[in-house]
Undergrad: 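Please see the structure below; I have some questions.
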Number of protein chains: 2
Amino acid sequence: MERVSEELDLDAQLRIAVGRLNRRIRAEKASDELSDGQFSVLALLYREGPHTVGELAEAERVTPPSMNRRVNSLVEGGYVTREGSPDDGRKVIVRVTDAGAAFVTETRRRREHWLNKRTRALTAAQRETLRQASVIMKELADS
Amino acid sequence: MERVSEELDLDAQLRIAVGRLNRRIRAEKASDELSDGQFSVLALLYREGPHTVGELAEAERVTPPSMNRRVNSLVEGGYVTREGSPDDGRKVIVRVTDAGAAFVTETRRRREHWLNKRTRALTAAQRETLRQASVIMKELADS
DNA sequence: CGCAGGTAATTAGCGTTGCTAAGGAGTAGC
DNA sequence: GCTACTCCTTAGCAACGCTAATTACCTGCG
């Protein structure tokens, strides 16, 4: 692993690191009530307010049927509601319920997660690197 | 996004960034012949030589049955071979074939991948940040 | 008006990949 | 040589993504 950190391997390194860390985060999540994708949708709705199914699909970069399934699960769990759009009957607006909002805040509060614990053990400089990298990675993902 | 990059949110930011980038990388992969996980195993075998199924499972952090399935796919595709261990009949040694090795090098060569293109467009400082972050993220994942 | 064509959501059905549980073959120790 | 353990494999299940097809609705043009 010594000479591997050459310029040319940034690609491979980043890909592997992102893949592993992502899997590890998923494996260590605190609550089993919602999947990663479901919680992601719930958090988005909580953060940015009601959205249509199509908007959610686009935001999460999944197809409408996939998003529809996620929304179904959330509705069944009582985390969100579906309501028809007043001005366009084709559209369906998804809105967080009080229970859903509570779940988001509650989940955040009890996040003595694996990741949290680990990042706390890092140096300030390492955390800063990760923070900057997060911004760059998001830009990469959204570009 | 201004005040969001506070200490407390590193967690959430990193998690989201890793999730999104991981999905995006997977979506944009060049070759459809092998899945991400299958290629990961193939590359490991190419890089580090023959391993048993159990070793591969541990290295990739999946269960033995899951690894067994990956190996099956690779054997069917002619990328690797299965052979009994000479000294322990229970073990099965997985070894890259010439075709498998060629696929790894060929895949690397034709990697004008999405990620590669994007990272090339970054500044040197940004690449350096990502490189350092990759190391830290791997440590996090492996800890 | 009324129908043709487009858009949004949904349903149906498939493939991949992970897991747990259980089975089969081989090894090791008493 | 029998018991217990290890390693791989098979069987069956669940999650989640996708494409294709269906339903409901809107829009515009004859």
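None of these values were measured; they are calculated from a predicted model.
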Undergrad: Nearest-Å distance, CG (A/L74) to C1' (C/dT10)?
TA: 16 Å
Undergrad: Taking atom P of D/dG17 as reference, at what distance in whole Å does atom CG of B/D36 sit?
TA: 16 Å
Undergrad: Does a nitrogen or oxygen in the side chain of B/T52 sit under 4.0 Å from OP1 or OP2 of D/dC8?
TA: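 The answer is yes; a side-chain N or O of B/T52 sits under 4.0 Å from OP1 or OP2.
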Undergrad: Would you mind reading off the distance between B/E55 atom CD and D/dC8 atom C1', rounded to a whole angstrom?
TA: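 So the CD-C1' distance, B/E55 to D/dC8, works out to 13 Å.
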Undergrad: When the distance from CG of A/L34 to C1' of D/dC16 is rounded to whole Å, what number comes out?
TA: 14 Å
Undergrad: Distances for protein N/O vs nucleotides 19-24 of chain C N/O pairs under 3.5 angstrom?
TA:
from: C/dC19; atom 1: OP2; to: B/T63; atom 2: N; distance (Å): 3.0
from: C/dC19; atom 1: OP2; to: B/T63; atom 2: OG1; distance (Å): 2.7
from: C/dC19; atom 1: OP2; to: B/S66; atom 2: OG; distance (Å): 2.6

Undergrad: If the condition is side-chain hydrogen bond (donor to acceptor under 3.5 Å, both in side chains), which residues does B/T97 pass it with, not counting sequence neighbours?
TA: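 With sequence neighbours excluded, B/T97 shows a side-chain hydrogen bond (donor to acceptor under 3.5 Å, both in side chains) to no residue whatsoever.
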Undergrad: Which residues pass the side-chain hydrogen bond (donor to acceptor under 3.5 Å, both in side chains) test with A/S73, sequence neighbours left out?
TA: A/Q38
Undergrad: Among residues 40-50 of chain A, which ones have heavy-atom contacts with DNA chain C below 4.0 Å?
TA: none
Undergrad: Send over the distance from A/F39 CZ to D/dA15 P, rounded to a whole Å.
TA: 19 Å
Undergrad: Applying salt bridge (Lys or Arg N to Asp or Glu O under 4.0 Å), can you list everything that pairs with B/R90, at least two apart in sequence or on another chain?
TA: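 With neighbours one apart ignored, the set is B/D88.
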Undergrad: Please list, for nucleotides 4-6 of chain D, all pairs of protein and nucleotide N/O atoms separated by less than 3.5 Å.
TA:
from: D/dT6; atom 1: O4'; to: B/R90; atom 2: NH1; distance (Å): 3.2
from: D/dT6; atom 1: O2; to: B/R90; atom 2: NH1; distance (Å): 3.2

Undergrad: Going by the rule side chain to side chain contact (heavy atoms under 4.5 Å, CB included), which residues pair with B/A101 if we only count those two or more places apart in sequence or in a different chain?
TA: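 Applying side chain to side chain contact (heavy atoms under 4.5 Å, CB included) to B/A101 gives B/Y46, B/V96.
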Undergrad: Residues in side chain to side chain contact (heavy atoms under 4.5 Å, CB included) with A/E76, at least two apart?
TA: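 By the side chain to side chain contact (heavy atoms under 4.5 Å, CB included) rule, A/E76 matches no residue at all.
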Undergrad: Starting at atom CG of A/N68, determine the distance to atom P of D/dA20, rounded to an integer number of angstrom.
TA: 18 Å
Undergrad: Starting the side chain at C-beta, find the nucleotide from D/dT10, D/dG17, C/dG18 nearest to A/R70.
TA: D/dG17
Undergrad: For A/Q38, answer base if it contacts any base atom (sugar-phosphate contacts may also be present), sugar-phosphate if it contacts only those atoms, and nothing otherwise; contact means non-hydrogen atoms under 4.0 Å.
TA: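 Counting heavy atoms under 4.0 Å across all strands, the contact made by A/Q38 is with sugar-phosphate only.
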Undergrad: Measuring from A/T119:OG1 to A/L130:CG, what's the distance to the nearest 0.5 Å?
TA: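 A/T119 atom OG1 to A/L130 atom CG measures 8.0 Å (nearest 0.5 Å).
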Undergrad: Is there a side-chain contact between A/V62 and A/R70, using heavy atoms and a 4.5 Å cut-off?
TA: yes
Undergrad: For A/S66, which residues count as a side-chain hydrogen bond (donor to acceptor under 3.5 Å, both in side chains) partner, sequence neighbours excluded?
TA: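 In terms of side-chain hydrogen bond (donor to acceptor under 3.5 Å, both in side chains), with neighbours along the sequence ignored, A/S66 is linked to A/T63.
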Undergrad: Roughly how many Å is it from CG in B/D87 to P in C/dT27, rounded to a whole number?
TA: 9 Å
Undergrad: Rounded to whole Å, how long is the line connecting atom CG of A/N72 with atom C1' of D/dA15?
TA: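 Rounded to the whole Å, the gap is 14 Å.
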Undergrad: Could you tell me which residues satisfy salt bridge (Lys or Arg N to Asp or Glu O under 4.0 Å) with A/E128, sequence neighbours excluded, listed by chain and number?
TA: A/R131
Undergrad: Could you work out, with salt bridge (Lys or Arg N to Asp or Glu O under 4.0 Å) as the rule, every residue matching A/R95, not counting sequence neighbours?
TA: A/E83
Undergrad: Which residues satisfy the side-chain hydrogen bond (donor to acceptor under 3.5 Å, both in side chains) test with B/S40, sequence neighbours excluded?
TA: B/E60
